[in-house]
S.K.: 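Before anything else, here's the structure in question.
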Amino acid sequence: MAGQIARISCGHCHITRFYKPIELREVVGNVTIDEVREKVRCQVCGKREWMAAELFHAYGQELVTIRFRRLKEIRWERRVVWTDE
């Protein structure tokens with residue numbers, strides 16, 4: 001994983017995002033890149049079936065132009081759900 005970059009893209013809305021694998025592992029767990037594709041959802045269209053994920057090495061000019069999505073915080077929300085009996 002040294003120097004690798006995770007590219008996750010949505011084939012439906014054509015959005016591509018770049019992540020550092022160590023931060024991605026904190027969110028989805030210690031899984032392979034093929035399993036990451038099944039666990040993520042597009043934040044724009046909300047679909048899962050169009051997602052693609054791959055690991056690659058960036059060199060030179062490509063490395064300079066990549067904007068990473070960085071993990072700021074993980075929030076655990078507590079939601080109350082009511083039912084009428």
Side-chain angles (χ1 to χ4, degrees):
M1 282 192 2
Q4 290 184 330
I5 299 170
R7 178 188 299 142
I8 300 178
S9 57
C10 177
H12 185 259
C13 52
H14 306 290
I15 297 286
T16 301
R17 310 255 192 220
F18 299 95
Y19 300 89
K20 298 201 180 238
I22 195 77
E23 293 178 354
L24 201 56
R25 185 188 314 174
E26 286 186 47
V27 177
V28 296
N30 191 14
V31 297
T32 65
I33 194 67
D34 294 327
E35 293 172 316
V36 168
R37 186 184 71 76
E38 299 168 359
K39 291 182 177 266
V40 294
R41 178 184 305 269
C42 179
Q43 291 183 337
V44 177
C45 66
K47 298 183 185 300
R48 282 190 168 168
E49 58 270 4
W50 294 90
M51 299 305 290
E54 66 176 338
L55 289 175
F56 71 100
H57 291 277
Y59 298 101
Q61 186 64 27
E62 184 183 20
L63 186 59
V64 175
T65 60
I66 290 177
R67 291 185 58 206
F68 288 98
R69 293 199 84 183
R70 302 300 307 261
L71 181 62
K72 183 177 177 183
E73 66 181 325
I74 298 174
R75 290 185 187 168
W76 296 98
E77 293 183 6
R78 182 176 170 182
R79 295 184 183 190
V80 178
V81 180
W82 296 95
T83 64
D84 292 326
E85 293 185 2

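Since the model is a prediction, treat every value here as computed from it, not as a measurement.
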S.K.: Can you name the nearest heavy-atom pair linking Val28 to Lys39, along with the distance?
M.R.: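 It is O-CD, 3.8 Å.
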S.K.: With distance as the sole test, does Arg41 use its side chain to make a donor-acceptor pair with the main-chain N or O of Arg48 at under 3.5 Å?
M.R.: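 Looks like no, no N/O pair under 3.5 Å.
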S.K.: What verdict does the side-chain contact (heavy atoms from CB on, under 4.5 Å) test give for Lys20 and Phe68, after you've listed the backbone C-alpha separation in whole Å, the side-chain angles of each residue and the deciding distance to 0.1 Å?
M.R.: CA-CA 7 Å; Lys20 298 201 180 238; Phe68 288 98; 3.9 Å; yes
S.K.: Report the residues that fulfil salt bridge (charged side-chain N to carboxylate O under 4.0 Å, His left out) with Arg67, sequence neighbours left out, ordered by chain and then residue number.
M.R.: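 Partners of Arg67 by the salt bridge (charged side-chain N to carboxylate O under 4.0 Å, His left out) criterion come out as none, since no residue qualifies.
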S.K.: In terms of hydrophobic clustering (I, L, V, M, F, W, Y; side-chain heavy atoms under 4.5 Å; direct or indirect links), are Val27 and Trp76 co-clustered?
M.R.: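 The answer is yes; both residues are in one hydrophobic cluster.
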S.K.: Which heavy atom of Gly3 sits nearest a heavy atom of His57, and at what distance?
M.R.: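 Smallest heavy-atom distance, with atoms named: O-ND1, 3.4 Å.
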S.K.: Mind listing the closest non-hydrogen atom pair of Cys42 and Cys13 along with its distance?
M.R.: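 Closest pair (atom of Cys42, atom of Cys13, distance): SG-SG, 3.4 Å.
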S.K.: Side chain of Glu23, backbone of Leu71: donor and acceptor closer than 3.5 Å?
M.R.: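 At least one qualifying donor-acceptor pair exists.
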S.K.: Please step through salt bridge (Lys or Arg N to Asp or Glu O under 4.0 Å) for the pair Glu62 and Arg7, ending with a clear verdict.
M.R.: CA-CA 13 Å; Glu62 184 183 20; Arg7 178 188 299 142; 3.8 Å; yes
S.K.: Please test Ile5 against Leu55 for side-chain contact (heavy atoms from CB on, under 4.5 Å), starting from the C-alpha separation and ending with a verdict.
M.R.: CA-CA 6 Å; Ile5 299 170; Leu55 289 175; over 6 Å; no
S.K.: For a quick test of reading the model, state the closest non-hydrogen atom pair linking Ala58 to Ile66 and the distance between them.
M.R.: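 Looking at all heavy atoms of both residues, the closest pair is CB-CD1, 3.9 Å.
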S.K.: With the 4.5 Å side-chain cut-off for hydrophobic clustering, are Val64 and Phe56 part of the same group?
M.R.: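 No, Val64 does not connect to Phe56 through the hydrophobic network.
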S.K.: For the pair Trp50 and His14, evaluate side-chain contact (heavy atoms from CB on, under 4.5 Å) and give the outcome as yes or no after the intermediate values.
M.R.: CA-CA 10 Å; Trp50 294 90; His14 306 290; over 6 Å; no
S.K.: Kindly compute the distance separating CD1 (Ile8) from CE (Met51), expressed to the nearest 0.5 Å.
M.R.: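 Rounded to the nearest 0.5 Å, the CD1-CE separation comes out at 6.0 Å.
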S.K.: Enter the distance from His12:NE2 to Lys47:NZ here, rounded to the nearest 0.5 Å.
M.R.: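 Reported value, rounded in 0.5 Å steps: 5.0 Å.
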S.K.: Answer yes or no for Arg69 and Phe18: cation-pi contact, defined as NZ/CZ to six-membered ring centre under 6.0 Å and angle to ring axis within 45°.
M.R.: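 No, a cation-pi geometry is absent between Arg69 and Phe18.
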S.K.: Looking only at non-hydrogen atoms, find the nearest pair between Glu77 and Arg79 and report the distance.
M.R.: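 Shortest heavy-atom separation between Glu77 and Arg79 comes out as OE1-NH2, 3.0 Å.
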S.K.: Could Arg25 and Glu35 be called an ion pair, given the rule that one side-chain N must be under 4.0 Å from one carboxylate O?
M.R.: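 Judged by the 4.0 Å cut-off on N to carboxylate O distance, Arg25 and Glu35 do not form a salt bridge.
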